[in-house]
Amino acid sequence: MNRAARAFWLDSPGRGEIREADLPEPGPDEVVVRALYSGVSRGTETLVFRGGVPESQHTAMRAPFQEGDFPGPVKYGYLSVGVVEEGPASLTGRTVFCLYPHQTRYVVPAAAVTPVPESVPAGRAVLAGTVETAVNALWDAAPLLGDRIAVVGGGMVGCSVAALLARFPGVRVQLVDADPARAETAEALGVGFALPPAADGDCDLVVHASASEGGLARALELLRPEGTVVELSWYGDRNVGVPLGEAFHSRRLTIRGSQVGTVSPARAHRGYGDRLALALDLLADPALDALVTGESPFEELPAVMPRLASGDIPALCHRVRYDDPGAGTHA
């Protein structure tokens with residue numbers, strides 16, 4: 001069995017390279033996975049690529065199978081889909097999702113992979129980690145039938161939240177973003193769209209995911225009295241001002257943080273595995289293909305990452321394709 005592997009490393013902020021990787025002999029409870037696709041979560045991964053993780057958050061920001069430390073050299077990533085080449089009979093040959101960095105092959109505990117349902121194409125399954133974040137956010141937000149909701153920030157996480165909210169009956173959902181091109185994405189997801197000045201107000205709930213100070217201020221403006229903003233943005237090492245003056249107190253507004261590293265207290269009886277399995281089931285919806293906005297071969301990742309970080313390649317989820325002629329094919 002071919003166990004040669006290559007991995008993408010951030011050598012130093014702004015500079016990546018592909019390195020050879022030595023795979024260990026798998027144990028009885030481990031699997032060898034050959035990567036088919038991985039996803040670049042543009043917000044978090046490009047922040048890591050720029051070296052923007054605050055020192056105080058180095059431990060909290062570690063990915064499950066990260067090697068090295070921030071700001072670099074570090075092997076980072078968490079959206080990998082592959083096929084199990086060796087392992088327990090129940091998994092061998094199965095397409096699986098794993099929170100693993102960008103690498104052609106890897107060995108992990110069998111418990112670290114989640115089978116991808118047959119109804120979900122492998123290329124779409126790279127969205128599982130982001131849809132899982134959206135699931136956790138909505139467990140925190142607890143939207144109700146008939147709510148008026150805005151999602152401010154049409155990035156990968158914001159669009160995932162909007163896509164799931166589109167399934168709620170009787171809910172008015174509007175995606176709000178400064179980029180007019182996001183209107184096409186919103187249409188594909190089945191939700192409304194507005195530029196920030198034209199967004200509908202009097203919202204019961206606003207989910208904020210723009211990672212901008214102006215976006216957070218607009219999110220608060222869109223609330224009805226006693227409404228709630230659920231804050232999903234990750235600001236890295238930036239200080240952000242929050243407009244707590246004027247009518248913030250008299251309108252009794254709430255800002256609540258949500259982060260995927262902990263299962264929402266509203267669903268404390270559910271584990272991480274349950275949450276990820278639910279996210280994969282939700283990916284049977286082909287509308288979510290709208291979140292994959294580009295694709296490139298693994299070999300080009302050192303050149304692609306700087307362009308994603310600079311915005312030269314506009315992206316929600318950028319998909320990385322692993323072409324391995326010596327390892328067979330997968331439909």
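Model, not experiment: these values are computed from the prediction. Residues: numbered from 1 along the sequence shown.
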Presence of salt bridge, [Y] and [X], under 4.0 angstrom:
| X | Y | result |
| --- | --- | --- |
| R224 | D202 | no |
| R182 | E184 | no |
| E213 | R238 | no |
| R19 | D11 | yes |
| E20 | R6 | no |

Applying ring-ring contact (aromatic ring centres under 6.0 Å, His included), which residue pairs with at least one partner in residues 268-307 are found, sequence neighbours left out?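 Qualifying pairs: F298-Y322.
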
Using the side-chain contact (heavy atoms from CB on, under 4.5 Å) rule, take H102 and E45 through it: C-alpha gap first, then chi angles, then the decisive distance, then the call. CA-CA 11 Å; H102 308 283; E45 286 198 59; 2.9 Å; yes

Tell me whether the count of non-hydrogen atoms from other residues, nucleotides or ligands lying under 6.0 Å of CG in D29 goes above 12.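 At most 12 heavy atoms, drawn from other residues, nucleotides or ligands, come within 6.0 Å of this atom.
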
Could you pull out all donor-acceptor pairs under 3.5 Å where a side-chain atom in residues 118-127 meets a protein atom, sequence neighbours excluded?
unit_1 : atom_1 : unit_2 : atom_2 : d
R124   : NE     : D289   : OD1    : 2.9
R124   : NH1    : L283   : O      : 2.9
R124   : NH1    : A284   : O      : 3.3
R124   : NH2    : D289   : OD2    : 3.2

V157 reachable from V191 in the ILVMFWY side-chain graph, under 4.5 Å edges: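 Hydrophobic grouping puts V191 with V157.
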
Answer with yes or no whether the hydrophobic clustering places V230 together with V263; edges join I, L, V, M, F, W, Y residues whose side-chain heavy atoms lie under 4.5 Å apart. yes

Are the ring centres of F70 and Y76 closer than 6.0 Å?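 Between Y76 and F70, which both carry aromatic rings, the centre distance is below 6.0 Å.
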
Filter on side-chain hydrogen bond (donor to acceptor under 3.5 Å, both in side chains), then keep only pairs touching residues 159-176, sequence neighbours left out; what's left?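 Counting only pairs at least two positions apart or across chains, the side-chain hydrogen bond (donor to acceptor under 3.5 Å, both in side chains) contacts touching residues 159-176 are R167-D285, Q174-D200.
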
Just so I know, are the side chains of F8 and P101 near enough to count as touching, which here means a heavy-atom distance under 4.5 Å? no

For M305 and V40, what are the C-alpha separation, side-chain angles and deciding distance, and is it a side-chain contact (heavy atoms from CB on, under 4.5 Å)? CA-CA 9 Å; M305 281 297 293; V40 178; 3.8 Å; yes

